[in-house]
Chemist: 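Below is one structure. I have some questions about it.
Chain letters run A, B, ... following the sequence lines, proteins first and then strands; every chain starts at 1.
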2 protein chains.
Amino acid sequence: MKELLYLKDEQIKDFIQLLFYAYRETFSDPKEILAKNSFGPAHLRALNLIERNPGTQLGELMYQLKITKQSLNRVLRDLLKSKMIKQIKDEEDTRRKNLFLDKEGKIFFEKIYETQKKRIFNALKNSEPDSVIKFKEVLNKIINGTK
Amino acid sequence: MKELLYLKDEQIKDFIQLLFYAYRETFSDPKEILAKNSFGPAHLRALNLIERNPGTQLGELMYQLKITKQSLNRVLRDLLKSKMIKQIKDEEDTRRKNLFLDKEGKIFFEKIYETQKKRIFNALKNSEPDSVIKFKEVLNKIINGTK
DNA sequence: ATTATTAGTAAGTTATATTGACTTATTGTA
DNA sequence: TACAATAAGTCAATATAACTTACTAATAAT
């Protein structure tokens with residue numbers, strides 16, 4: 001293993017802490033808006049994923065969120081009841097139900113997103129395009145655990 | 001506001017998702033080791049902070065973790081009972097109790113850290129020093145919410 | 001026709017957090 | 001010195017979000 005002197009344990013331990021804070025702050029921003037509808041962080045995580053992947057299905061959400069069907073069901077039931085999301089049967093396999101943001105859900109999500117956007121946008125706006133690309137690369141490498 | 005064409009909503013929404021995954025994966029790595037001692041993610045967060053800030057106090061942990069004293073107390077009680085951490089009265093203000101990893105705690109933390117280190121190290125090792133520095137800068141900006 | 005898959009539900013449990021109301025010890029101050 | 005403020009700790013009740021186990025129903029694939 002190469003000696004990467006700038007990559008000491010202290011540095012890496014710092015990154016672990018920074019990741020914790022960055023995640024927590026970003027996902028705390030929409031707390032008040034969510035609370036008005038009696039939603040919590042679990043609802044936010046589901047909404048985020050459905051917005052990013054329109055037409056996704058229950059099984060896919062389970063996999064992405066790493067939670068069980070029973071746990072996810074509570075959240076989806078809440079979101080369906082308040083018309084934030086809608087289910088549309090898949091045409092090719094009618095067992096599957098594709099999930100989309102409903103009209104009201106799109107408006108609601110934009111409100112949520114505005115609070116999160118500020119934080120990320122302000123962090124990135126003074127960075128060069130190159131830094132943003134590299135930041136994304138590193139995040140992806142952390143997630144995928146490339147050896 | 002300048003038109004930063006590379007900083008579109010789609011890009012920012014991606015970052016929000018990436019932050020979620022990066023945090024979750026990094027903090028999932030030590031799950032099995034923690035479970036052996038009946039510890040959960042809350043214990044890990046406390047251990048991480050105490051290791052990074054030896055001598056920190058209850059009030060400081062409450063502030064950093066954004067949880068209540070009652071909630072933190074359960075976690076600290078568990079960690080004290082199993083000799084992972086120790087409390088030493090502050091000499092200047094004996095109301096305060098400084099928190100440190102105990103001998104066993106240091107060994108335990110190293111085991112935990114090894115699992116987290118792999119992920120971060122592998123993500124950073126192929127990056128240039130400059131990228132690592134910029135990555136850290138962006139994370140700090142996200143946390144501190146610089147306008 | 002049988003098996004596998006996808007979605008959904010129910011009951012009971014656990015972990016983590018909350019609020020509110022206290023106690024105890026110590027420090028700082030009027 | 002008496003009093004208020006601070007730091008730590010506890011007890012009780014509650015809420016949220018997750019879990020396991022065990023089912024049902026509809027549809028698809030073999």
Side-chain angles (χ1 to χ4, degrees), chain A residues 20 23-24 27-28 30-32 34-50 55-82 85-100, chain B residues 20 23-24 27-28 30-50 53 55-82 85-100:
Chain A
F20 163 61
Y23 164 75
R24 190 192 57 190
F27 281 77
S28 292
K31 229 167 35 182
E32 296 79 20
L34 290 163
K36 279 182 197 157
N37 291 59
S38 306
F39 296 148
H43 301 88
L44 173 59
R45 290 193 291 272
L47 282 174
N48 265 324
L49 264 176
I50 293 169
T56 190
Q57 292 134 18
L58 186 116
E60 181 65 18
L61 286 187
M62 284 167 59
Y63 175 74
Q64 293 295 337
L65 297 172
K66 304 273 187 256
I67 58 173
T68 57
K69 187 171 43 168
Q70 293 83 340
S71 194
L72 191 51
N73 212 256
R74 176 188 63 87
V75 170
L76 294 183
R77 206 151 37 191
D78 292 346
L79 293 173
L80 282 166
K81 195 180 285 174
S82 48
I85 60 171
K86 61 183 170 185
Q87 292 173 315
I88 295 172
K89 274 194 178 178
D90 189 285
E91 289 191 356
E92 287 178 7
D93 183 343
T94 57
R95 290 173 306 181
R96 292 168 183 265
K97 295 179 181 174
N98 303 317
L99 297 167
F100 299 90
Chain B
F20 163 61
Y23 164 75
R24 189 191 58 191
F27 281 78
S28 291
K31 232 167 34 183
E32 296 80 21
I33 295 169
L34 290 163
K36 279 181 195 155
N37 291 58
S38 307
F39 295 148
H43 301 87
L44 172 58
R45 289 192 292 270
L47 283 173
N48 266 324
L49 263 177
I50 294 168
N53 308 284
T56 190
Q57 293 135 19
L58 186 115
E60 180 65 18
L61 287 188
M62 283 167 60
Y63 175 75
Q64 294 295 336
L65 297 172
K66 303 271 187 259
I67 58 173
T68 58
K69 189 170 45 169
Q70 294 86 331
S71 193
L72 191 51
N73 212 257
R74 175 189 63 90
V75 169
L76 293 182
R77 206 150 39 191
D78 292 346
L79 293 173
L80 283 165
K81 195 178 283 173
S82 49
I85 60 172
K86 61 183 171 189
Q87 290 173 315
I88 295 172
K89 274 194 180 178
D90 189 285
E91 290 191 355
E92 288 176 8
D93 184 343
T94 57
R95 289 173 306 182
R96 292 168 184 268
K97 295 179 180 174
N98 302 317
L99 297 167
F100 299 90

Chemist: Let me know which of A:Leu76, A:Val75, A:Ile67 forms a side chain to side chain contact (heavy atoms under 4.5 Å, CB included) with A:Leu61.
Modeler: A:Leu76

Chemist: Given C:dT9, is OP1 or OP2 found less than 4.0 Å from the side-chain N or O atoms of A:Arg77?
Modeler: yes

Chemist: With a 4.0 Å cut-off on heavy atoms, is B:Ser71 in touch with a base, just the backbone sugar-phosphate, or nothing at all?
Modeler: base

Chemist: Identify the heavy atoms of A:Leu99 and A:Gln87 that sit nearest to each other, and give their distance.
Modeler: CD2-CG, 3.5 Å

Chemist: From D:dG9, C:dA15, D:dA28, pick the nucleotide closest to the side chain of A:Asp93?
Modeler: D:dA28

Chemist: Roughly how many Å is it from NZ in B:Lys89 to P in D:dA8, rounded to a whole number?
Modeler: 12 Å

Chemist: Give one of base, sugar-phosphate or nothing for A:Thr94, where a contact means two heavy atoms less than 4.0 Å apart.
Modeler: sugar-phosphate

Chemist: Return the value, rounded to whole Å, for the distance between atom NZ of B:Lys69 and atom C1' of C:dA25.
Modeler: 13 Å

Chemist: Between C:dT5 and A:Arg96, is there an OP1 or OP2 to side-chain N/O distance shorter than 4.0 Å?
Modeler: no

Chemist: Name the nucleic acid region contacted by A:Glu92, choosing base, sugar-phosphate or nothing; use a 4.0 angstrom heavy-atom cut-off, strictly under.
Modeler: sugar-phosphate

Chemist: Please report, rounded to the nearest Å, how far the P atom of C:dA25 is from the CD atom of B:Gln87.
Modeler: 16 Å

Chemist: Please report the distance, rounded to the nearest Å, between NZ in A:Lys97 and C1' in D:dA28.
Modeler: 16 Å

Chemist: So, does the side chain of B:Arg95 form a donor-acceptor pair with the base of D:dT6 at under 3.5 Å?
Modeler: yes

Chemist: Give me the ring orientation class for A:Tyr23 and B:Tyr23: parallel if the planes are under 30° apart, tilted from 30 to 60°, perpendicular past 60°.
Modeler: parallel

Chemist: Mind calculating the distance between CG (A:Leu72) and P (D:dA17) to the nearest angstrom?
Modeler: 12 Å

Chemist: Quick check: on DNA chain C, is the nucleotide nearest B:Gln70 upstream (toward 5') of the one nearest B:Asp78, or the reverse? Name the residue that is more 5'.
Modeler: B:Asp78

Chemist: Between B:Asp78 and B:Lys81, is there a side-chain N and carboxylate O pair less than 4.0 Å apart?
Modeler: no

Chemist: Taking atom C1' of C:dA25 as reference, at what distance in whole Å does atom CD of B:Glu91 sit?
Modeler: 18 Å

